[in-house]
Every structure is written in structure tokens, then in C-alpha cells.
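Counting convention: from 1, in listed order, for ligands and their atoms alike. Just so you know, these numbers use all the heavy atoms, side chains as well, and skip hydrogens, waters and symmetry mates. Positions are given from 1, in the same order as the sequence printed here.
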Amino acid sequence: MAGIYVHIPFCRQACHYCNFYFTTSPGNKDKFIDALLHEIELSKDYLQGEKIETLYFGGGTPSLLPKAELIAIVEKLNSQYDLSGLKEFTLEANPDDLSPEKIKELAELRSLGLNRFSIGVQSFFDDDLKYMNRAHNSAEATSSLKRVQDAGFENITIDLIYGTPTMNNQRWQKNLEIAFALGIPHISSYALTVEPKTSLDRKIKKGERIAVSEEQSAVQFNMLMEEMQKAGYEQYEISNFAKPGKYAIHNSNYWRGKKYLGLGPSAHSYNIVSRKWNVANNISYIQSIAEGIIPAEVEVLTPAQQVNERIMTALRTMWGLDLKGFEPRVADLIKQDLSVIEPTHFILHQNVLTLTNQGRLFADAIAASLFVTEEQFL
Ligand code: SF4
């Protein structure tokens, strides 16, 4: 079973921290939809006939598309792939899009399998939302969630951002309490990061925005882990928390190394032996697809890269890295490298390696120190 990700590259307003590919000008939207439908046909063999377990419409802001366009995309997918075993279909939505009329429209997609919303709340406080230049306000954040719940969608995840300079620890605590009180079963939470060349990066450099503090983020990440645990959420991935059994199937499959196909500009795909990523530009995407060519760069993974990919993703999850899944000599190489890791940062039990709460703060660095090299494979 595999997953399909569809990237809808349009947003109402540019959030200052964002480094996803999107545009705020909808001029090419019709051409984009045509190109996307065509790409679905062109890539029908990428997953080699595997059944599709999950669909994820992300972006950008998929909730900006009218119902008819969303239906056209799902129907095209249905004509090219086997969706008969579809378990999870997630649509990303922003609070400002989720008017009562829009929710009614989206509820009609239930018959096509839509059963999960990922809502970009980020914060329940106006100061934080303004700092990030989000298009919604705190009242919309809460009311949109209630409306989605009232429409009968229980399977909801929200994004929350910590480390925003406008948010002290007390407010972070309050943000979490509001999410808990609303009965949200899944929360993804990320530190505000200042990516190069984003609007936030430029504004901080010009002194128009307060800089982000790594210390504040580390403190608030610890608070996040503790509060989630107290509220009965499992930290099943570094940035993802769920009530028992409410894990995101689509994302969990990424971390378990399952195959996925990404459609649309900037979308990434992975089929164990290679990964590819589409051009992050609407016009180039539309032009290339019109010529029957998917504009993607492909990287064939060496055996060492395949192992490292596994280390990187599995260590971020509560299920950890199962060394029994590797050839014995590869498992031995990884175990040898554990000698350089702080002993309080990991647990090795029955050949499964997991990170402790302390270790999770350094997950990427720990993974990198366990990477195997090409030479070790010779
Ligand atoms: S809505 Fe999402 S994709 Fe669009 S600019 Fe904001 S963060 Fe980026």
C-alpha cells in the first residue's frame, strides 16, 4: 500500500515564515488544474500498481479550491490508481477558509473518502498570528475547529507553532490548553524557524521583527512534550502528538519508509530506490506537463543512502529504528557508532533503537552520527 500527496500551490496571503512553494496570485489556477490532472495520468505507473492507502492534499492551501476542482482531482486519481483500499484522505485547510458554506461543500467530499482535516491554526492568539502574518485571527481559529467538528469530522489535526517572540511560556501553555479543551485528537507542533530568504528572515535582518530565540524554542519544546504526555497524547514522532490510535496514517507511512507519489509543483516522491522532486514553479510545471514531461529531478539512492534515509526517519518516531530490518553487518556498524552518542539520549532494547525525551532535542544530529558511508558498503 502506498500514499499520494497532491500539492496545491495557492495561498490567500503569504505567511512571513513560510518556505513552502506557493503563490498568492491565482491567475494560472485553471491551467494548473489541467496540468495536475495530466500529471496524474503521466505518473500512473510510478507506484507500480500498488493500492493507495492514503491521500493527502497539502500546499499551499487546498481549501482555497472550489468543490468542483477538488472532486475533479479525486476522480482523476480514482481513474488512474486503485483507491478501493483508501483508509485516510486528509485535506489541509486554513481557518479563514472554513466558513459554514465551505464546510458544507467540503462535507460533500465525504463520499469520495475525505475523512480528515489538517487545520493551520498555529496559535490561538492574535499577536502571534500577526507576527507570522497569518490570514486568520484567534476567533476564527476556534470557530473553524468547532464548525468542522459539528459537521461530523472528528479526525482533525492542527498545527501549532512555538518559539514565536510574541509568545511567552504562559501563553504557550494556554495555547495547548485550548487545543486540549477542544478535544483535538492530533497535534503537529513545530518551532518557528527562520529559513533563509523568507520574508521573516529579511524583516528580522532589517529590525522590523524581533528575532527568534533558540533557548525559548528549546524550553517550549520541553513544555510541549510534558504537557502532551500529561494530557494523554503520545509523541509518536518528534513533532507529532496523537491520542492513542489517532496517528496520521499518511505521515506515519513516510516515516516507516513506505512508497509515496507527490503530484504538483515542488511535490516529492519516493519509491525505496529513488526519490524525485518536481520543479517548484507553476509556470515551468504547466509548460512541461503540456509537453508530456514531468519536470522532476531524480536521485537514485545508493544502498548507503537507503539505510541512512531509514535511520533519519525511523529515529524520529516512537517506534524507533528496528536494527533487525538490516543485514547483520549494517546493524553492527550502527551499533558501533552508538558509542559516540550520549547514553541518556537513547535506549537500545531488543535491537530497537529509540530516543529519550532528551535525545529528541538532538534527533537530526544523532541520526547523522549513525549514518553509514558508501565505503562501508564496499
Ligand atoms: S498558508 Fe501555509 S503554505 Fe500558505 S503561506 Fe502560510 S504557511 Fe505557507
Side-chain angles (χ1 to χ4, degrees), residues 5-29 32-33 36 56-66 69-70 73 90-99 102-103 106 116-145 148 156-167 175 186-204 209 212 217 239-240 248 250-251 262-268 277-282 285:
Y5 170 81
V6 179
H7 189 82
I8 308 296
F10 301 100
C11 290
R12 191 183 304 281
Q13 181 172 309
C15 304
H16 285 164
Y17 59 92
C18 182
N19 75 337
F20 294 120
Y21 175 65
F22 70 94
T23 170
T24 50
S25 90
N28 280 316
K29 189 164 70 66
F32 160 76
I33 297 287
L36 180 64
Y56 191 105
F57 283 20
T61 313
S63 54
L64 278 180
L65 294 190
E69 287 174 351
L70 292 168
I73 299 167
T90 307
L91 184 90
E92 281 185 0
N94 278 337
D96 42 301
D97 285 333
L98 294 171
S99 63
K102 185 73 186 189
I103 291 176
L106 293 173
R116 187 168 183 268
F117 277 90
S118 171
I119 302 177
V121 169
Q122 317 309 351
S123 172
F124 291 101
F125 290 89
D126 285 334
D127 289 352
D128 308 330
L129 295 167
K130 277 193 198 130
Y131 179 93
M132 295 185 254
N133 202 41
R134 295 290 306 185
H136 66 278
N137 59 33
S138 62
E140 285 170 316
T142 317
S143 60
S144 64
L145 292 176
V148 173
I156 297 173
T157 178
I158 62 170
D159 288 344
L160 288 178
I161 289 183
Y162 55 90
T164 313
T166 44
M167 184 166 62
N175 258 315
H186 186 288
I187 297 172
S188 300
S189 190
Y190 305 92
L192 181 67
T193 43
V194 186
E195 301 290 348
K197 297 188 188 149
T198 55
S199 174
L200 184 57
D201 183 35
R202 286 190 292 272
K203 284 181 185 300
I204 289 174
R209 283 281 189 282
V212 173
S217 290
S239 309
N240 284 276
H250 185 83
N251 299 50
L263 298 158
S266 81
H268 284 233
W277 52 96
N278 285 356
V279 65
N281 181 295
N282 270 354
Y285 172 79

### Task
Return the set of residues passing salt bridge (Lys or Arg N to Asp or Glu O under 4.0 Å) with D126 (not counting sequence neighbours), or none when no residue passes.
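None.
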
### Message
Going by the rule salt bridge (Lys or Arg N to Asp or Glu O under 4.0 Å), which residues pair with R202 if we only count those two or more places apart in sequence or in a different chain?
### Response
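Scan of R202 (salt bridge (Lys or Arg N to Asp or Glu O under 4.0 Å), adjacent residues dropped) gives none.
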
### Task
Using atom types as modelled and distance alone, determine if a side-chain donor or acceptor of T157 lies under 3.5 Å from a backbone N or O of H186.
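Side chain of T157 to backbone of H186: a pair is present.
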
### Message
Can a donor-acceptor pair be found, under 3.5 Å and without considering hydrogens, that links the side chain of H136 to the backbone of V121?
### Response
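Yes, the answer is positive, given that a donor and an acceptor are paired below the 3.5 Å cut-off.
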
### Query
What is the nearest protein non-hydrogen atom to atom 2 (Fe) of ligand 1, stated with its residue, atom name and distance?
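Checked against all protein heavy atoms, atom 2 (Fe) of ligand 1 sits closest to R134 NH1, 4.1 Å.
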
### Query
Side-chain donor-acceptor pair under 3.5 Å between S63 and D97, yes or no?
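There is such a pair between these side chains.
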
### No-hydrogen, no-angle side-chain donor-acceptor test under 3.5 Å, Q122 and D128
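The answer is no; no qualifying pair exists.
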
### Query
Quick one: which ligand 1 atoms are inside 4.0 Å of a heavy atom on Q13?
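With Q13 as reference, the close atoms of ligand 1 come out as 5 (S).
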
### Query
Which atoms from ligand 1 have a heavy atom of N94 less than 4.0 Å away?
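That gives atoms 1 (S) of ligand 1.
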
### Message
Can you list everything that forms a side chain to side chain contact (heavy atoms under 4.5 Å, CB included) with A14? Sequence neighbours excluded, please.
### Response
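Expected list: F22, T24.
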
### Query
Which residues and atoms, counting only protein N, O or S, are under 2.8 Å from atom 8 (Fe) of ligand 1?
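Listed by chain and number, the atoms are C18 SG.
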
